[in-house]
Amino acid sequence: MRWTTISFLLFLMACKTYTNTSNVNREQPMSTIDKKIDALLAKMTLTEKVGQMIQYNGFYDATGPQPRGGDAARKYEHLRSGKVGSMLNVRGVDQVRAVQEIAVEETRLGIPLIIGFDVIHGYETQSPIPLAEAASWDLDAIENSAKVAAAEAAAAGINWTFAPMVDITRDARWGRVMEGAGEDPYYGSLVAAARVKGFQGDDLAQPNTIAACAKHFAGYGWSESGREYNTVDVGTSTLYNMILPPFKAAKDAGVKTFMNSFNDLNGIPATGDEFLLRDILKGAWKFDGFVVSDWDSIGEMYEHGYAANDAEAAMFAANAGCDMDMESYTYVEHLENLVNEGKVNEAHIDEAVRRILRVKFELGLFDDPYKYCSKEREQTIIGHESHHEAVLDLAKKSIVLLKNERSLLPLKDNDSYLVIGQLAEDKTSPLGSWRLAAKDNTAVSVLEGIENVSGKPALFKKGVQLTTDKATFVYPVPINTTDRKDFAEAIKAAKNVDKVVMVLGEHGFQSGESRSRTRIGLPGLQQELLEEIYKVNKNIILVLMNGRPLTIDWAAEHVPSILETWHLGSQSGNAIAEVLFGKYNPSGKLPMSFPRHVGQVPIYYNQKRTGRPDQKDGNVFFSHYSDEENTALYPFGHGLSYTWFEYRNLRVEVLGKTEVKVTVDLQNMGGLDGEEVAQLYIRDVAASVIRPKKELKGFQKVFLKAGEAKKLEFTLTENELGFFDNRGNFKVEPGEFHLKVGGSSENGIWSGFHLD
Ligand code: BGC
């Protein structure tokens with residue numbers, strides 16, 4: 001029987017009420033849940049226990065290569081015989097109910113499935129891509145975005161998202177930078193916690209919250225050369241101070257699950273790394289949720305050259321502490337035998353199952369396995385108007401004004417302007433990558449936004465088509481690399497207007513998983529078009545749409561106004577138009593540095609100091625390039641406003657061994673109301689492990705009316721003043737510190753203090 005037929009029949013049977021006898025009250029303390037788990041575990045056979053550790057893909061929406069032997073009939077059989085604990089990519093109330101009914105009604109113990117899905121920046125209603133959201137520096141809005149995403153996903157039957165991705169990213173060649181919060185571990189930790197809280201809420205058992213997953217544990221953002229799935233080799237200082245903090249923050253925020261990463265870390269595949277999983281995560285951090293592998297990452301330990309065969313891969317993963325196998329089939333094939341042969345201790349299996357069952361209990365799935373399966377909720381909640389309001393709010397906040405000479409922006413009422421660029425009418429690209437449940441062509445395009453906000457249609461010239469990366473089986477996209485047929489008309493039209501708005505950048509699927517690029521400038525013919533238009537009209541407003549920092553050095557030098565608008569989600573065009581027309585004063589700041597040239601990558605603001613930082617005696621022997629500056633084109637924390645801000649009177653007071661109070665006056669000096677992200681950086685001048693040149697240790701997003709001034713206060717405690725040594729011990733060392741407060745990692749006013 002084909003799967004679609006099976007699910008239809010199952011759907012018809014779905015009217016039956018749930019009769020499983022479990023009556024765990026979700027208000028009960030954990031110890032009660034533990035007793036329930038013990039009781040259930042005692043009834044389970046080894047086969048059923050291993051079954052809880054298996055996660056199968058739901059026959060569509062594959063997000064990785066198709067695994068060996070994963071046919072639907074076999075999966076269905078396994079589902080019926082209690083050999084499956086979770087499914088991913090099954091979505092929609094009918095589909096979820098169909099698989100849940102098999103688990104609950106047909107298996108011996110009726111243990112419900114946990115249903116996972118990549119709810120990355122929204123379910124159907126899309127928020128800006130996560131990197132863009134991070135540019136808002138608005139933690140409440142970010143938390144709210146995750147809340148909206150959770151509400152929609154839960155209404156579609158899902159109870160577990162594979163988000164947030166908390167990998168710190170420094171290499172714009174890596175396509176997945178769009179999925180994280182950028183390059184800074186302090187800010188990344190706060191964003192990680194906000195996202196976890198948004199998804200999980202205060203009570204996981206509520207029908208509008210879902211379990212979150214901190215991924216990819218660990219080091220994936222350091223994939224060598226920015227090449228996807230590549231090897232990772234990092235020192236302990238980087239591991240403890242840069243890579244792990246956001247994971248720890250997610251754990252502290254109560255995240256229920258972790259996901260392994262595809263990479264090896266210093267020669268050990270992360271999926272089989274006992275140091276990461278048992279020593280750090282489940283040991284030192286006392287994480288009590290469960291760990292899921294990444295897609296086939298257990299099986300891939302064979303390709304890594306770590307496991308000699310699939311059985312060994314399963315053994316390494318289970319012993320290391322990977323609790324659930326996503327789609328590698330190695331657990332289902334080998335785990336039971338491995339226990340019988342004494343190669344995997346049954347206590348490891350019990351521990352994994354306990355962890356998985358605990359999350360199912362906490363989700364309330366034993367109270368009612370169909371609690372996420374209400375047709376009414378599905379119809380009323382998904383795409384709700386209030387969700388569009390929330391994503392529009394965040395989309396506006398995520399826009400970064402990179403440059404604005406001659407106050408070209410905002411557009412004035414009597415300006416005549418022309419819009420150029422295929423992305424201006426694109427209603428899919430703004431949805432960005434990782435938007436599996438969004439409908440194509442549903443984003444508000446820039447042209448529609450202009451029409452909505454100005455009340456008048458924009459004059460539009462197509463100008464150029466995009467080139468895209470190689471089509472893949474997941475998201476085939478059109479490829480067009482050589483079409484200049486619209487150039488002449490666009491150039492002619494550009495001569496006769498005051499200003500030209502050029503919407504250029506990346507197609508929505510040019511970033512994301514497996515979209516690494518070596519050339520990170522404007523793809524295809526767009527750079528050529530930009531330069532051609534510039535020859536006839538210098539008043540260009542460049543609206544960038546992209547999922548990663550791009551090399552736009554030519555534009556930065558020539559084009560007077562540049563707006564970074566990323567992929568802003570469902571309300572993209574409305575948000576962009578509000579900024580273009582000055583209805584919203586941009587307030588975003590970059591969460592990741594923009595390089596001048598790809599040769600500088602990885603480039604990030606919090607670099608360590610070298611022994612030869614500056615030129616001495618005019619010689620060449622200092623840390624630099626012969627052909628390019630060291631600095632970023634646009635650094636971390638950079639972002640302008642239609643008004644401007646001044647920082648004055650920086651005062652630093654040491655209150656104790658590990659407490660420092662900082663105050664500064666901030667004034668809006670321009671004629672418009674606006675928001676500023678005031679950022680505080682420190683430099684530990686000399687330490688037992690070298691500290692970065694600067695480290696963000698505080699920020700405040702402040703609204704100031706035109707001319708208004710406010711005194712801002714920051715407190716630095718042990719958490720901000722300390723660091724991890726190379727054994728993973730956290731310490732604060734006495735000595736000299738420099739401190740800076742300003743509007744970016746490059747600007748600001750400096751002071752200092754001394755810790756005794
Ligand atoms: C990705 C994960 C994702 C999983 C399931 C993998 O390819 O690396 O981040 O959650 O697929 O779709």
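Atoms within each ligand, like the ligands themselves, are counted from 1 in listed order.
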Checklist entry - Is the cationic atom of Arg97 (NZ for Lys, CZ for Arg) positioned less than 6.0 Å from the six-membered ring centroid of Tyr370 and within 45 degrees of its normal? => result yes

Checklist outcome for this item: If we number the atoms of ligand 1 from 1 as shown, the ones under 4.0 Å from a heavy atom of Leu88 are 5 (C)

Checklist entry - At a 4.0 Å threshold, what atoms of ligand 1 neighbour a non-hydrogen atom of Asp294? => result 1 (C), 2 (C), 3 (C), 4 (C), 6 (C), 7 (O), 8 (O), 11 (O)

Checklist outcome for this item: Within 4.0 Å of some non-hydrogen atom of Phe262, the atoms of ligand 1 are 6 (C), 7 (O), 8 (O)

Item to check | Under the side chain to side chain donor-acceptor pair (under 3.5 Å) test, residues paired with Lys282 that sit two or more places apart | outcome: Asp323, Glu351

Checklist entry - Glu179 to ligand 1: N or O pair under 3.5 Å? => result no

Checklist entry - Given that the side chain starts at C-beta and the backbone is N, CA, C, O, which of these parts of Glu327 lies under 4.0 Å from ligand 1, counting heavy atoms, or is it both or neither? => result neither

Checklist outcome for this item: One finds that the ligand 1 atoms under 4.0 Å from a non-hydrogen atom of Phe162 are 10 (O)

Next on the checklist: Yes or no: does His216 have any heavy atom under 4.0 Å from an atom of ligand 1?
Outcome noted: yes

Checklist entry - Does even one non-hydrogen atom of Met259 get within less than 4.0 Å of ligand 1? => result yes

Checklist entry - When the aromatic ring centroids of Trp295 and Phe162 are compared, is their separation below 6.0 Å? => result no

Checklist entry - Looking at NZ of Lys49 and CG of Leu335, how far apart are the two atoms once the value is rounded to the nearest 0.5 Å? => result 11.5 Å

Checklist entry - N/O of Glu513 under 3.5 Å from N/O of ligand 1, yes or no? => result yes

Item to check | CG-CD1 distance between Leu357 and Ile114, expressed to the nearest 0.5 angstrom | outcome: 10.5 Å

Checklist entry - Would you say ligand 1 has an N or O under 3.5 Å from any N or O of Tyr220? => result no

Checklist outcome for this item: Note: Pro269 and Met301 closest approach over all heavy atoms is CB-CG, 3.6 Å

Next on the checklist: Does anything in residues 267-277 form a side chain to side chain donor-acceptor pair (under 3.5 Å)? List the pairs, not counting sequence neighbours.
Outcome noted: Thr271-Ser297

Item to check | Side-chain H-bond candidate by donor/acceptor type, Gln55 with Tyr331, under 3.5 Å | outcome: no

Checklist entry - Are any of the N or O atoms of Asp118 closer than 3.5 Å to those of ligand 1? => result yes

Next on the checklist: Out of all atoms in ligand 1, which are within 4.0 Å of some heavy atom of Lys215? Include the element for each.
Outcome noted: 2 (C), 3 (C), 9 (O), 10 (O)

